[in-house]
There are 2 protein chains.
Amino acid sequence: MPDRPRRIPEATVARLPLYYRALVEMAEQRTPTVSSERLAEMAGVNAAKVRKDFSYLGSYGTRGVGYDVEYLLFQISRELGLTQDWPVVIVGIGNLGAALANYRGFSARGFRIVALVDADPAKCGKEVGGLVVEPLADLPRIVAERDVAIGIIATPAAAAQEVAGLLVSAGVTSVLNFAPTVIAVPPGVSLRKVDLSIELQILSFYQQRRDEAAEGRRVAFGGLT
Amino acid sequence: MPDRPRRIPEATVARLPLYYRALVEMAEQRTPTVSSERLAEMAGVNAAKVRKDFSYLGSYGTRGVGYDVEYLLFQISRELGLTQDWPVVIVGIGNLGAALANYRGFSARGFRIVALVDADPAKCGKEVGGLVVEPLADLPRIVAERDVAIGIIATPAAAAQEVAGLLVSAGVTSVLNFAPTVIAVPPGVSLRKVDLSIELQILSFYQQRRDEAAEGRRVAFGGLT
DNA sequence: CCGACCTTGTGACCAAATTCTCAAACTCCC
DNA sequence: GGGAGTTTGAGAATTTGGTCACAAGGTCGG
């Protein structure tokens with residue numbers, strides 16, 4: 001048993017998947033070793049950060065050489081829990097839920113979508129991405145029988161909190177929320193959120209700042225209107 | 001002209017959309033004022049953070065009373081650039097791109113999808129979410145004619161960097177990348193990314209930690225297998 | 001108009017994350 | 001085997017973000 005109780009900073013955890021992706025690519029090209037600099041470039045961060053991040057996992061590199069791609073890939077996979085596969089349920093099969101159900105990137109990383117659930121009886125029974133949509137009432141049974149640990153919420157905002165509650169009482173301990181609302185989960189349950197329009201709003205903020213700055217310069221320098 | 005060169009921390013900018021959403025909700029209920037505490041609850045943060053965040057924007061509250069919902073909403077909208085509407089182009093009309101094209105949450109915040117673009121000739125001419133898919137070759141013209149400032153990339157990873165380049169040379173200065181790969185844009189262009197499987201991987205990390213901890217306890221206490 | 005009560009705004013402190021820096025440790029070539 | 005060249009690992013310094021605590025400034029009832 002390795003010495004587990006190392007504490008890995010959240011910011012580092014959030015970058016591990018980037019390194020993972022870069023390493024998978026290197027492994028596919030049969031590159032035996034990689035430097036922190038090269039890896040940094042591929043992951044879009046800087047080299048010092050890469051090395052510091054890896055130092056939290058352990059000393060897996062060799063000075064003067066770099067990191068062994070296969071070995072590091074294994075260590076990161078293990079750390080991220082990607083050596084096993086995780087049964088996932090998606091609740092809310094609208095446009096977004098259906099797109100997620102069809103998304104190939106999940107299964108590639110060991111996330112296996114085992115059930116699609118929707119409250120709308122009209123949607124139940126339909127097939128989406130190779131699975132039949134099941135009624136919300138069956139959620140507890142589905143989670144228990146198929147050993148689901150991760151739930152994805154892709155419902156409208158109004159239903160999200162209720163669904164989160166159902167997921168948690170059914171036994172799900174990790175929740176990914178796509179609904180544009182804040183939801184609460186009890187301690188001991190992980191929650192992450194993805195909000196599409198928030199990302200656009202952040203872009204809008206900086207975009208507007210640039211536009212204003214440009215406007216300011218144009219006026220200041222007395223350019224033509 | 002307000003005193004603009006206030007520097008607003010990135011972390012604060014990322015939370016403004018949360019406050020915005022909460023305030024819209026309060027405004028709909030005709031609530032005239034709101035305290036930092038109430039707002040904190042709705043946005044899922046703590047009250048001190050709310051007040052500190054608002055203090056970067058200016059002193060818009062009244063001691064002993066709280067914040068005027070309408071006024072604060074206006075200030076935040078203005079700050080986020082939501083008082084104007086932003087023409088958006090989506091490149092890559094697969095499952096995800098189509099879901100985004102149909103997503104109602106964008107238009108509700110002033111993001112108007114004005115074009116859908118795909119490299120696949122088979123997809124061009126088809127209608128998705130009320131728009132006809134146009135060929136990638138027309139991107140420069142589309143961006144110029146429709147004054148597009150924001151581009152969304154929803155292509156496969158392999159095409160993302162090339163599309164980013166096309167968007168930027170066409171004049172787009174804000175890019176939201178859904179493709180599971182790192183892309184580079186020149187300075188002066190904003191880039192944000194949403195990676196669906198990365199979020200799951202982060203959940204997987206913590207999920208696995210919990211499972212291991214539970215396992216450790218079970219073994220340590222000599223529970224039944 | 002006064003005193004009890006609320007709630008903001010912010011300075012001071014604390015924690016987390018990032019960057020800098022360089023000794024240590026390795027390879028490779030001669 | 002020794003010296004030049006690489007590259008890691010990690011302590012120190014810096015920057016950024018978060019929390020605390022409370023004075024300042026407001027309301028409101030009497």
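Throughout, protein chains are lettered first and strands after them, A, B, ... in sequence-line order, and every chain is numbered starting at 1. For clarity, every value in this text was computed on a predicted model and none was experimentally measured.
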Test A:Tyr60 against every option in A:Phe54, A:Tyr71, A:Tyr67 by the ring-ring contact (aromatic ring centres under 6.0 Å, His included) rule and name the one that passes. A:Tyr71
Between [N] ([atom2]) and [X] ([atom1]): distance, integer Å:
X	N	atom1	atom2	answer
A:Asn46	D:dT8	CG	P	13 Å
A:Lys49	D:dT16	NZ	P	12 Å
A:Asp53	C:dT19	CG	P	11 Å
A:Arg51	C:dC22	CZ	C1'	11 Å
A:Glu37	D:dT6	CD	P	11 Å
A:Lys52	D:dT14	NZ	C1'	13 Å
A:Arg15	C:dA16	CZ	C1'	11 Å
A:Tyr56	C:dA16	OH	P	11 Å

B:Asp53 and B:Thr12: side-chain donor and acceptor closer than 3.5 Å? yes
Strictly by modelled atom types, are A:Thr173 and B:Gln207 linked by a side-chain donor-acceptor pair under 3.5 Å? yes
For D:dG9, take OP1 and OP2 only and decide whether either is under 4.0 Å from a side-chain N or O of A:Tyr67. yes
Which nucleotide in the list D:dG9, D:dG17, C:dG9 gets nearest to the side chain of B:Ala11? D:dG17
Flag if over 12 foreign heavy atoms under 6.0 Å of CD, A:Gln161: yes
